[in-house]
Amino acid sequence: MNDQVLSVILTIITASTPLLLAAIGELVVERSGVLNLGVEGMMAVGAVSGFGAALMTGNPYAGVLAALVAGALLSLLFGFLTLTMVANQVATGLALTLLGLGVSGLMGEAFVGQPGVHLERLSIPGLSGIPFIGPILFGQDFLVYLSLVIVAAVSYMLFRTRTGLVIRAVGDSHQSAHALGYSVVGVRYLCVMFGGACSGLAGGYLSLAYTPQWVENMTAGRGWIALALVVFSSWLPWRIVVGAYLFGAITVMGFSLQAYGIGIPSQLLSALPYVVTVMVLVLISRNRALMRANTPACLGQPFVPDR
Amino acid sequence: MRLVLEKRAGASGRMAILSPLIAIALTLITGGIIFALRGLNPFSALYVFFAEPLTTSWSVEQLIVKATPLAMIGAGLAVSYMANVWNIGAEGQLTAGAILGSAVPVFFPEFQSPLTLVLMLALGIAGGMAWASIPAFLKNRFGANEILTSLMLVYLIQLMLDWLVRGPWRDPKGYNFPKTIAFTDWQLLPQFQVLPPSIGPIYINLGAIFAVAAAVALAFMMGRTLKGYELRVQGIAPRAGRFSGFPREKTVWFCFLLSGGLAGLAGICEVMSTVGQLQPGISPGYGFTAIIVAFLGRLNPIGALVAAFALAISYLGGESAQVALGISDKTARVFQGILLFYILACDSLILHRLKFIGRRPRLAEAEA
């Protein structure tokens, strides 16, 4: 029984980490006033790049690096269009998703059916061996710890440092930030690239740790769920952890119930995360005061400095 | 030297017409480079991909078949996006329409009369509208972001379709394939023979006529009626729309029901023509490609009709390039994505112009 609970908890952590990584990256992007709907596309390209690089080098860490770089590069394309060319952010984000899914399908054709390289879990002598809590606290792969470190760092950075203040100023009133002499477009470029790198990592986690293989469309809407998580968190970093683990738990619950063969159609269980996403969006959005207080005021608005 | 954008005094009429053409030209150039990198002759590859679909009567027929759902959905989305209502779940509304319309032959396989056809089409539209009404309701009642809800509903309805055709709606004589019974006679769209000059007789089905009618009707609405004016004002100047007292909630309902209904019609038309029964994978992503169609048509319903042909060529070209050149049919999706990027970049040149500026002279240098 203990073993079963342990394995469920471990699966929940692996299912939650990609959502957490993608959502914390997007949170920073949105805090700077940019809405990048291309998370799903960046995740897909991150997943295929990470898988490919790990397969070719035999080193999962090379895969992680490739996923991160691929996500950041793709987000640069989004940045060029929305920040330099001032294109519509919603449309460009959709374009990024469509392109990312297409490119990943094409890149991944050679990888279909190939056994992947698994990102191994840490094992700290003595600590990881402690029954039950050992594997949970000390036996994860490094990206699980990294994701939580990123959340802590983002939280500290946004609310305790000058950099964070500038990012929030750019997101809440780009005109004022510009008038004070900050480079609105420059700050947004950096935030967009951070978000891209996080999305890429999230994709890489899927193809290196969650299910070490490449399947087309393996992101399965996780990029969109991450976007919903940012709304759920009302743009506060630590709430992303709660949201991501809640969704991870729901996904795993679906799988476990399927495994027990209860007479519920498998499609209904697969649908759970999507249903919950809609419900969560409704619950959080109906609190209009909270939404108004926390939504970055310039979210999605184009900025062309006066010259 | 830096590249910056500068606002134009007004929208450039010339760029408004040129921007989709420039975007297509840039996509072709990029495509040629991609082919060359893969060791193919870029010119013959581009010919196979983009020109060959126009040469035989069979392929022109296929082109119209593929353009029909794209034009139908694209016209509805163009109106929605023009009014700043972001329905991106057309793929789901297409599936919902296909499911509800197919209920007629599944439950009453013997029911064969012209009424069957009308009923199936009506239920198709109703199914698309019903599925689109969920994000519209959640947006108006709770302020839930329609982009995310409409997209989540795509995954939901696709799982529901999967469950239906594997479970209760499966053809009992279908050797366990996940399909409903094959539709016959009045459960299928009638076809017409048309005789364009030079390429010989081709068959088109009723869906193509619906697509043209929808584009013309919506273009009239947008350009010549108060409703169209209302929608355009809300899209271009939301604040002005609010001050004019145009009801935002009604607009959200209108746009979702319109674009959802058209997507549902496209779905049931697909099932009643090309596919001929309900099964998973009734659409190769028409609902998502129609987003590109709407933008390539500059958010104009007639423009979407023209753009639908451009995107239909990429679908067909992808298939023929796979056969003739041995390259993946997934190339088509990459081209479609690249095309949308170029359109969006070119569109911002309508309101802005690109300018190279040198290093700004320092104050001291300027004074000296």
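Letters go in sequence order (proteins before strands), and every chain restarts at 1.
Taking the side chain as every heavy atom from C-beta outward, A:W224 and B:I88 approach each other to under 4.5 Å. In this structure the side chain of B:D347 never reaches within 4.5 angstrom of the side chain of A:M85, judged on heavy atoms. Under the 4.5 Å side-chain criterion, counting only non-hydrogen atoms from C-beta, B:L340 is not in contact with A:L99. You'll find the side chain of B:F341 reaches within 4.5 Å of the side chain of A:L96, heavy atoms only. Side-chain atoms of B:I147 and A:L37, non-hydrogen and from C-beta on, do get closer than 4.5 Å to each other.
Contact of B:R141 with chain A is made through the backbone alone, with heavy-atom distances under 4.5 Å. Contact annotation for B:I343: neither backbone nor side-chain heavy atoms come within less than 4.5 Å of a heavy atom of chain A. Only the side chain of A:V90 comes within contact range of chain B, with at least one heavy atom under 4.5 Å from a heavy atom of that chain. Using a 4.5 Å cut-off between heavy atoms, B:L349 contacts chain A through its side chain alone, with no backbone atom that close. If you measure heavy-atom distances from B:L138 to chain A, the contacts under 4.5 Å come from the side chain alone. Interface residue B:W86: only side-chain heavy atoms are found under 4.5 Å from chain A. Only the side chain of A:L81 has a heavy atom closer than 4.5 Å to any heavy atom of chain B.
Expressed to the nearest 0.5 Å, how far CD1 of A:I225 lies from OH of B:Y155 amounts to 8.0 Å. Rounded to the nearest 0.5 angstrom, B:I338 CD1 and A:L98 CG are separated by 12.0 Å. Atom-to-atom distance recorded for B:R333:CZ and A:S104:OG is 7.0 Å, nearest 0.5 angstrom. We find the CG-CZ distance between A:L94 and B:F288 to be 9.5 Å, quoted to the nearest 0.5 Å. Note that the OH atom of B:Y81 and the CG atom of A:N88 stand 10.5 Å from one another [nearest 0.5 Å].
Each of A:S285, A:A271, A:G41, A:G221 has some count of heavy-atom pairs under 4.5 Å with chain B, and the biggest count is that of A:S285. Per-residue counts of heavy-atom pairs under 4.5 Å with chain B were compared for A:N287, A:T277, A:L283; the largest is that of A:T277. Counting heavy-atom pairs under 4.5 Å between each of A:L268, A:I284, A:L77 and chain B puts A:L77 at the top.
Nearest heavy-atom pair, A:V103 versus B:V334, reported as atom, atom and distance to 0.1 Å: N-CG2, 3.7 Å. For the pair B:K139 and A:R288, the tightest heavy-atom approach, listed with the atom from each and the gap, is O-NH2, 4.4 Å. Between A:Q267 and B:D162, the shortest heavy-atom contact is NE2-OD2, 3.1 Å. In this structure, A:Y274 and B:M152 approach most closely via the heavy-atom pair CD2-SD, 3.6 Å.
Heavy atoms of other residues, nucleotides or ligands lying less than 6.0 angstrom from CE of B:M160 number 12 at most.
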Exercise for the section: Tell me, with the steps shown, if B:N145 and A:V231 meet side chain to side chain contact (heavy atoms under 4.5 Å, CB included). Expected result: CA-CA 9 Å; B:N145 183 319; A:V231 180; 5.6 Å; no
